[in-house]
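The next block holds one structure in the form of structure tokens; read it before the comments.
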There are 2 protein chains.
Amino acid sequence: MAALPAPETSSSTRFESVLEAVRAAILAGEFEPGERLHEVKLTTLLGVSRTPVRAALQKLASEGLLDYTPNRGYTLREFSIDEVISAYEVRAVLEGLAARLSAERGLNVSEMGTLQQALRDGDDLLRNGHITDEHRSEYSRINACFHVTIHASAGSRLLNDMVYLCQQVPVSSPRNVVAFEEGDVRRRHEDHHRIFEAIVGREPWRAEMLMRDHVASVKSSLIRSLPSPAAVQSATKTARRLRR
Amino acid sequence: MAALPAPETSSSTRFESVLEAVRAAILAGEFEPGERLHEVKLTTLLGVSRTPVRAALQKLASEGLLDYTPNRGYTLREFSIDEVISAYEVRAVLEGLAARLSAERGLNVSEMGTLQQALRDGDDLLRNGHITDEHRSEYSRINACFHVTIHASAGSRLLNDMVYLCQQVPVSSPRNVVAFEEGDVRRRHEDHHRIFEAIVGREPWRAEMLMRDHVASVKSSLIRSLPSPAAVQSATKTARRLRR
DNA sequence: CCAGCAGAAAATGTATACATTATCTTTGAC
DNA sequence: GTCAAAGATAATGTATACATTTTCTGCTGG
């Protein structure tokens, strides 16, 4: 466990600063899976009292990053490959539902504009030949915008919150783990066009299926990018391991 | 806002007592939608200090029952009919996914036994003619057991947590099965048999579709049981807001 | 009468002391 | 040497005092 950067930003409340500092430390791998996060240690590391630390830990536990046991404090959860994969499964069905609900309700003017802009931006970005890392990073932003807008247009806060929770599951490799190949990016942008078409055309079922497969394809890319074939096997179907 | 029952049960920590007391009070309708839940008032009502109260409020906010704004505390969320309905939509796709994953992984001996027992218990309960309220209550327990076992057998904690969150939405709890008519209960028990069959037969797609429709049917029953749309609106004080 | 700005009241944010529980260490018996 | 029990240590749970922010109140000026 290394030292944490002091949260001297203190934009608003200490609780929020601590929350982000600890979250960042966790995602940066500063703690081992299963390791206990002692309140007092964080207290001295961060230079605040136990009160905001406790609040932050509780929040992180509610997001699924930590485990909590009364009188025994918080420990870092372990995220198996299986857990990460099923997080994508969950996200796929949730985002599929979002697309369906969006198609049922219809887009408002603002949402329509945002989605069209995202599609145009993507078109522009991918028009010219080769794709650089910078392109990928920019497309990542556009991609997020597209998806977030559809979540919002579904009009369900519960659904929104749950997609957020899915995205809090740490990925084994860094955030941009799935370094998509150029073909993948183009293919996924095509998906966006079709999904938009289905939503605008008020085809709920089609929108749901397209979005579901769209997100599931990320899962496939992730599996493809896993190190050893053995790991892949254990991650995908080999929940066939002996179940007691 | 009425007085709350003192949490003298003191199961283990005060935090947990307060959590359940406040949750119960909310579900019992002791607070108005949008009403602010002041820490100090709860403090005096419950006879504990602010510390466990704050923790409980934060937990309830993470479950989606309360809204939180820094420096402004917690307010009771409003749950429009739309929100409740989409909670069922979400639950339907999540439980559908659970059934699919369960069918892919296969059941272990314990899960198999539990499900078979639940099916047998249901058969016994519904064999004889008329269904009383007591029957309904007992079937509610069996129903919960059946579903919980399938969620567990899916092997994803994230999925489990999310189904739990769906059930925390007021009025969308499975307890409401009690309100079903006799035909509905029988039909839903038949569903259980078929879902079990699909899981045991390792038919993921069929299991998902059956479970999805099974849960969605609860939504339909709910909608059917609603008074006229106009009455609903006035009763819930939730005018469907115009989408800009 | 209303708008707007103090000042007061009250609410939440934070630190800290103390209580309770868990965990570690030491000691003693076998 | 191992095990167990008792005390010591350290962790979390809780209460409370104080700090900061919000919210209410009432005044003043127009």
Side-chain angles (χ1 to χ4, degrees), chain A residues 1 4-23 25-26 30-63 65-77, chain B residues 1 4-23 25-26 30-63 65-77:
Chain A
M1 191 174 78
L4 273 52
E8 291 304 340
T9 59
S10 185
S11 55
S12 48
T13 66
R14 294 187 211 281
F15 156 68
E16 292 173 45
S17 312
V18 171
L19 178 61
E20 292 317 316
V22 177
R23 194 209 305 280
I26 290 173
E30 307 269 352
F31 302 96
E32 296 295 316
E35 182 177 342
R36 195 157 157 188
L37 279 76
H38 297 275
E39 295 174 5
V40 278
K41 283 184 183 167
L42 292 172
T43 279
T44 56
L45 278 172
L46 297 166
V48 298
S49 81
R50 278 177 58 208
T51 309
V53 170
R54 277 180 72 80
L57 293 177
Q58 187 182 334
K59 184 91 201 310
L60 290 169
S62 80
E63 290 180 6
L65 243 54
L66 303 177
D67 278 325
Y68 169 73
T69 311
N71 290 315
R72 278 197 223 172
Y74 297 85
T75 56
L76 183 57
R77 267 193 63 186
Chain B
M1 189 176 78
L4 273 52
E8 290 305 339
T9 58
S10 183
S11 54
S12 50
T13 66
R14 295 189 210 280
F15 156 67
E16 293 173 44
S17 310
V18 171
L19 177 61
E20 293 317 316
V22 177
R23 195 208 305 282
I26 290 173
E30 307 269 352
F31 301 96
E32 295 295 316
E35 181 177 343
R36 196 157 157 189
L37 279 76
H38 297 274
E39 295 174 5
V40 278
K41 283 183 184 167
L42 293 172
T43 279
T44 55
L45 278 171
L46 297 167
V48 298
S49 81
R50 278 177 58 208
T51 309
V53 170
R54 276 181 72 81
L57 292 178
Q58 187 182 335
K59 184 89 201 308
L60 289 169
S62 80
E63 291 180 5
L65 243 54
L66 302 178
D67 278 326
Y68 169 74
T69 311
N71 289 315
R72 279 197 221 173
Y74 298 85
T75 56
L76 182 57
R77 269 192 62 187

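So you know, we letter chains A, B, ... as the sequences are listed, proteins then strands, and number each from 1.
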| request: Would you kindly give the CD-to-P distance between Glu39(B) and dT20(D), to the nearest whole Å? | output: 18 Å

Each nucleotide N or O in nucleotides 14-18 of chain C that has a protein N or O under 3.5 Å away: list the pair and distance.
from	atom 1	to	atom 2	distance (Å)
dT14(C)	OP1	Arg14(A)	N	2.3
dT14(C)	O3'	Arg14(A)	NE	3.0
dA15(C)	OP1	Arg14(A)	NE	3.3
dA15(C)	OP2	Ser49(A)	N	2.8
dA15(C)	OP2	Ser49(A)	OG	2.7
dA15(C)	O5'	Ser49(A)	OG	3.4
dA15(C)	N7	Thr51(A)	OG1	2.6

| Do any of residues 65-75 of chain B sit with a heavy atom less than 4.0 Å from DNA chain D, and if so which? | Asn71(B), Arg72(B)

| request: Report the distance from atom NE2 of His38(B) to atom P of dT22(D), rounded to the nearest whole Å. | output: 16 Å

| Minimum-distance pair of heavy atoms, taken over all atoms of Thr13(B) and Pro70(A) | CG2-CB, 4.4 Å

| query | Does the side chain of Leu37(A) come within less than 4.5 Å of Thr75(A)'s, by heavy atoms? | reply | no

| task | Report yes or no: does Arg36(A) contribute a side-chain atom to a donor-acceptor pair with the main-chain N or O of Arg72(A) at less than 3.5 Å? | result | yes

| query | Within a strict 4.5 Å, meaning less than it, do heavy atoms of the Ile26(B) and Leu66(B) side chains meet? | reply | yes

| Is there a side-chain contact between Leu42(A) and Leu57(A), using heavy atoms and a 4.5 Å cut-off? | yes

| task | Report the distance from atom CG of Leu42(B) to atom P of dT12(C), rounded to the nearest whole Å. | result | 9 Å

| field | Where at least one partner belongs to residues 45-60 of chain B, residue pairs that pass side chain to side chain donor-acceptor pair (under 3.5 Å), sequence neighbours excluded | value | Glu39(B)-Arg50(B), Glu39(B)-Arg54(B), Lys59(B)-Glu63(B)

| query | Are any of the side-chain heavy atoms of Leu60(A) and Arg23(A) separated by less than 4.5 Å? | reply | yes

| message | Just the rounded figure in Å: distance from P of dT12(D) to CG of Leu57(A). | response | 9 Å

| said: Check the orientation of Tyr68(A) and Tyr74(A). Use parallel for under 30°, tilted for 30 to 60°, and perpendicular for over 60°. | reply: tilted

| message | Tell me the interatomic distance from Arg36(B), atom CZ, to dT23(D), atom P, rounded to whole angstroms. | response | 6 Å

| request: Find the distance Lys59(B):NZ to dG13(D):C1' and express it as a whole number of Å. | output: 17 Å

